[in-house]
Amino acid sequence: MRPATETIVKPLPSHLFTRHEGNAETRWEAMAGQGYHTPIDRFFVRNHTATPRLDAATWRLRLHGRGLRRDIELGYDQLRALPARTADVTLECAGNGRRFYDSQQHEAVPGIPWGLGAVGVARWRGVPLRDLLTMAGLRDGAVDVLATGLDAPYVHEGENLGHVRRPIPVRKALDDVLVAYEMNGEPLPMDHGFPARLIVPGWAGIASVKWLGDLEVSTTELRTPWNTLFYPGVTTMTVKSAFELPWPATLEAGRRHELRGRSWSGNGRVAHVEVSADNGATWHPAGRRGPRRDAWLTWGIAWTPREEGAHVLLARAVDESGAGQPPRRARHPFGYHFDAVVRHPVLVTRG
Ligand SMILES: Nc1nc2c(c(=O)[nH]1)N[C@H]1C(S)=C(S)[C@@H](COP(=O)(O)O)O[C@H]1N2
Ligand SMILES: [Mo]
């Protein structure tokens, strides 16, 4: 049984996760040897309050608002009976990589000090939001779709801000958003939004509202704390790269190591990745590993360290829009959008 203080239901062993109070970050070394998708047992969890235990038998999803011709209400079985789509999508917290503002750039920023592990790729299955909006009859004047979670209201600095909720524009809602009820072929786990959640590809994780209970379609632009106070102007995610190595890593000198990693971007596919083991003096193209790249790109490169001692490994990617990873990222007041090259410490030993 989980202790009463636990806000996450699934086990969080320390070889798979780093804990940040009620949140859990994936350890990148736990991705070594894994397939394309992040297994559920190591997928990061970001909860504003605590995972609620919802009952699919009584759960309802309501669609309503002035932007719709009629209100509709769906139960779990009704949702699952609708035509479904499956997609590999990256889910990433807006603050992923936040701690590097401080550790690499000496700029303190508030928020959860994530390393690079507040990201995962899963195979999501669900109903296109577009289909639900069409069922309810979208009016010409529809502007925003506001998704509200069924987890407990969020209290911030003594103020009750209500349920986690965040609008997305109708244009995005009609494009590629899913009301997902499966993750990697299993019913959505409790921590990841059971019975259903939004999946908003390319956008900061906050848009992918978990434990979805309500969708309001408005005819005016909507404002909630989650698109004004906490995530003003945050939509698509930036380019990042990570090595599937412990932090710090220890590698034996004089041996050939296959360094593996993954790179991803909210703008679309990753085009190519380069690695440097000499502080950025020379860069070497990493090779693709595995056929898929709808979400992140999996890559590898051989490295034979000669000298013992402290080293730094760098990886940088460029996506299909041409966006890359600079040596430094301009400070962001909330520590979002870190996309600078991360300096991964490696100790080379005689073995
Ligand atoms: N209802 C609800 N939805 C939510 C959240 C939440 O606390 N409550 N957290 C958001 C944030 S900030 C992120 S990064 C993602 C995390 O999804 P995961 O926990 O499945 O990895 O869910 C988003 N959806
Ligand atoms: Mo997040």
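Just follow the structure's listing: the first ligand is 1, and inside any ligand the first atom is 1.
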Heavy atom under 4.0 Å from ligand 1: found in Ser208's side chain, backbone, both, or neither?
-> backbone
Of the protein's non-hydrogen atoms, which lies at the shortest distance from atom 21 (O) of ligand 1, and what is that distance?
-> Phe44 O, 2.7 Å
Criterion side-chain hydrogen bond (donor to acceptor under 3.5 Å, both in side chains) on Trp226 and His163, from CA distance to verdict = CA-CA 10 Å; Trp226 286 271; His163 292 286; over 6 Å; no
Arg328/Glu107 salt bridge by N-O under 4.0 Å criterion = yes
For residues Phe43 and His192, establish whether the separation of their ring centroids is below 6.0 Å.
-> yes
Examine the proximity of ligand 1 to Trp211 and report which part, side chain or backbone, both or neither, has a heavy atom under 4.0 Å away.
-> side chain
Taking heavy atoms and a distance under 4.0 Å, where does His163 meet ligand 1: side chain, backbone, both or neither?
-> neither
Atoms of ligand 1 less than 4.0 Å from Tyr231 heavy atoms?
-> 12 (S)
For ligand 1, does Tyr154 get within less than 4.0 Å through its side chain, its backbone, both, or neither, judged by non-hydrogen atoms?
-> neither
Can you check whether His311 and Trp303 have ring centres sitting under 6.0 Å from each other?
-> yes
Show which atoms of ligand 1 fall inside a sub-4.0 Å distance from at least one heavy-atom site of Asp151.
-> 1 (N), 2 (C), 6 (C), 7 (O), 8 (N)
Aromatic ring proximity Phe230/His156, centre distance under 6.0 Å | yes
Using a strict 4.0 Å cut-off to heavy atoms of Phe43, name the atoms of ligand 1 that fall inside it.
-> 21 (O)
Look at the side chain of Asp191 and the backbone N and O of Lys10, then say whether any donor-acceptor pair between them is shorter than 3.5 Å.
-> yes
With a 4.0 Å cut-off on heavy atoms, is Phe230 touching ligand 1?
-> no
Look at atom 22 (O) of ligand 1 and say which protein heavy atom is nearest, naming residue and atom and giving the distance to 0.1 Å.
-> Arg197 NH2, 3.4 Å
Can the ring centroids of Trp247 and Phe100 be said to lie less than 6.0 angstrom from one another?
-> yes
Where on Thr49 is there a heavy atom closer than 4.0 Å to ligand 1, on the side chain, on the backbone, on both, or on neither?
-> neither
Is it the side chain, the backbone, both or neither of Trp226 that has a heavy atom closer than 4.0 Å to ligand 1?
-> neither
Atoms of ligand 1 less than 4.0 Å from Asn47 heavy atoms?
-> 7 (O)
